[in-house]
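Note that the numbering runs from 1 along the sequence shown for the chain.
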Amino acid sequence: MTTPTALAPAQARARLHELTVIDVRTPGEYASGHLPGAHNIPLDHLEAVLPALRTAAGRGDLLMVCASGARSATACATLAENGITAATLTGGTSAWARLGHHVHRPAGERTVWAMERQVRLAAGSLVLTGLAVGRRRPAARWLSAGIAGGLVFSALTDTCGMARVLAKLPHNRPRPADLDATLAALSG
């Protein structure tokens with residue numbers, strides 16, 4: 001059975017027992033709450049784990065998940081380019097939780113802000129810094145202008161360079177043991 005390219009939360013919930021769920025958010029976002037049984041493979045690690053995902057897709061349908069559906073749609077496109085069929089969860093974990101479906105939160109895990117919130121904090125801080133320093137050094141205002149231009153570009157292209165940079169921070173990176181365990185579960 002071929003998985004459609006998108007599943008609404010109600011459809012995914014009904015089929016959750018037969019889907020292999022891959023959460024492509026950062027480990028910190030994943031730890032803040034994810035679909036039951038979801039495996040965490042951050043989007044920037046996806047190409048490196050294609051063989052394991054191909055094996056998992058051979059056993060059943062894949063469902064890619066993120067906070068809103070944007071990163072999981074990107075993941076589905078990457079997988080499709082490599083001959084792997086997967087669906088995305090419409091609205092992501094935000095829609096899932098908003099509908100009252102169970103979100104698993106590991107005990108003792110520290111909650112990390114969602115990537116969108118991290119981007120808003122970083123962008124806002126840089127704009128304010130550029131404006132404040134620009135009062136004494138007018139050239140510093142270019143920092144604010146650059147961030148504004150980056151935000152416009154991000155909106156027009158539905159990409160986010162700042163999120164890619166923030167994803168490289170230690171709290172947003174998977175621990176090698178966690179990624180290895182996920183790959184073993186998908187390959188085995």
Side-chain angles (χ1 to χ4, degrees), residues 3 5-9 11-13 15-16 19-50 52-53 56-57 61-82 84 86-123 154-155 157-186:
T3 304
T5 57
L7 291 176
Q11 294 171 307
R13 184 172 183 236
R15 296 188 53 209
L16 197 58
L19 296 169
T20 299
V21 181
I22 307 295
D23 192 319
V24 297
R25 297 177 298 160
T26 66
E29 291 175 294
Y30 172 81
S32 70
H34 55 271
L35 272 66
H39 301 281
N40 184 224
I41 300 175
L43 185 59
D44 61 341
H45 284 72
L46 200 62
E47 292 204 22
V49 301
L50 287 172
L53 291 172
D61 294 335
L62 296 179
L63 178 64
M64 309 307 282
V65 179
C66 68
S68 67
R71 285 179 277 177
S72 59
T74 300
C76 285
T78 299
L79 293 175
E81 290 169 4
N82 289 280
I84 303 170
T88 184
L89 178 64
T90 304
T93 54
S94 298
W96 179 271
R98 192 171 40 254
L99 292 171
H101 301 318
H102 176 69
V103 176
H104 178 72
R105 290 181 176 87
E109 288 289 330
R110 183 178 58 113
T111 300
V112 174
W113 286 359
M115 186 56 68
E116 180 185 348
R117 188 174 180 191
Q118 292 180 48
V119 168
R120 289 192 315 249
L121 175 69
S154 175
T157 62
D158 199 23
T159 62
C160 187
M162 188 175 289
R164 287 189 178 147
V165 171
L166 292 172
K168 298 194 181 307
L169 293 175
H171 65 275
N172 286 326
R173 305 297 303 161
R175 294 179 293 215
D178 293 343
L179 191 55
D180 291 344
T182 298
L183 294 178
L186 293 174

Notebook entry, point to check: What heavy-atom pair brings Cys76 and Ala86 nearest, and what distance separates the two atoms?
Noted result: SG-O, 3.7 Å

Note to self: Test side chain to side chain contact (heavy atoms under 4.5 Å, CB included) on Leu53 and Leu46; report intermediate values, then the result.
What the structure shows: CA-CA 9 Å; Leu53 291 172; Leu46 200 62; 3.4 Å; yes

Checklist line | Pairs satisfying salt bridge (Lys or Arg N to Asp or Glu O under 4.0 Å), at least one member in residues 65-78, at least two apart | finding: Glu29-Arg71

Item checked: Residues that Thr90 engages under side-chain contact (heavy atoms from CB on, under 4.5 Å), provided they are two or more places apart -> Ala6

Check: Hey, what do you get for CG (Leu183) to CD1 (Ile41), rounding to the nearest 0.5 Å?
Finding: 5.5 Å

Notebook entry, point to check: To the nearest 0.5 Å, how far apart are OG in Ser94 and CG in Leu89?
Noted result: 9.5 Å

Next item on the list: Not counting sequence neighbours, which residues clear side-chain contact (heavy atoms from CB on, under 4.5 Å) with Val165? List them please.
Entry: none

Next item on the list: Verify side chain to side chain contact (heavy atoms under 4.5 Å, CB included) between Leu35 and Asp23, making sure each step is shown before the conclusion.
Entry: CA-CA 8 Å; Leu35 272 66; Asp23 192 319; 5.9 Å; no

Checklist line | Those residues that, when tested against Ser154, pass side-chain hydrogen bond (donor to acceptor under 3.5 Å, both in side chains) (two or more places apart) | finding: none

Check: Roughly how far apart are Ile22 CD1 and Thr182 OG1, rounded to 0.5 Å?
Finding: 8.0 Å

Checklist line | Partner set under side-chain contact (heavy atoms from CB on, under 4.5 Å) for Ala167, not counting sequence neighbours | finding: Thr26, Met115

Item checked: Spacing of Leu63 atom CG and Arg15 atom CZ [to the nearest 0.5 Å] -> 8.5 Å

Notebook entry, point to check: If every non-hydrogen atom of Leu19 is compared with every non-hydrogen atom of Ala12, which pair is closest and at what distance?
Noted result: CD1-O, 4.1 Å

Note to self: If you define the side chain from C-beta out and look only at heavy atoms, does anything of Asp44 sit under 4.5 Å from Arg164?
What the structure shows: no

Next item on the list: Applying side chain to side chain contact (heavy atoms under 4.5 Å, CB included), run through His34 and Asn40 and close with a yes or a no.
Entry: CA-CA 9 Å; His34 55 271; Asn40 184 224; over 6 Å; no

Check: Do side-chain atoms of Ser68 reach the backbone of Gly92 as a donor and acceptor pair under 3.5 angstrom?
Finding: no

Check: Any idea which heavy atoms bring Ala185 and His39 closest together, and the distance?
Finding: CB-CE1, 3.9 Å

Next item on the list: May I ask you to decide if Ala67's main-chain N or O and Trp96's side chain share a donor-acceptor pair within less than 3.5 Å?
Entry: no

Note to self: Once salt bridge (Lys or Arg N to Asp or Glu O under 4.0 Å) is applied, do any residues pair with Glu47, and if so which ones, sequence neighbours excluded?
What the structure shows: none

Next item on the list: Could I get the full list of side-chain hydrogen bond (donor to acceptor under 3.5 Å, both in side chains) partners for His101, not counting sequence neighbours?
Entry: Arg13

Item checked: Qualifying salt bridge (Lys or Arg N to Asp or Glu O under 4.0 Å) pairs, either residue in residues 32-41, two or more places apart -> none

Notebook entry, point to check: Does the side chain to side chain contact (heavy atoms under 4.5 Å, CB included) test come out yes or no for Val49 and Leu186, once each step is laid out?
Noted result: CA-CA 10 Å; Val49 301; Leu186 293 174; over 6 Å; no

Checklist line | Residue list, side-chain contact (heavy atoms from CB on, under 4.5 Å) with Ala122, at least two apart or on another chain | finding: Met162, Leu166

Notebook entry, point to check: Sequence neighbours excluded, which residues qualify as salt bridge (Lys or Arg N to Asp or Glu O under 4.0 Å) partners of Arg117?
Noted result: none

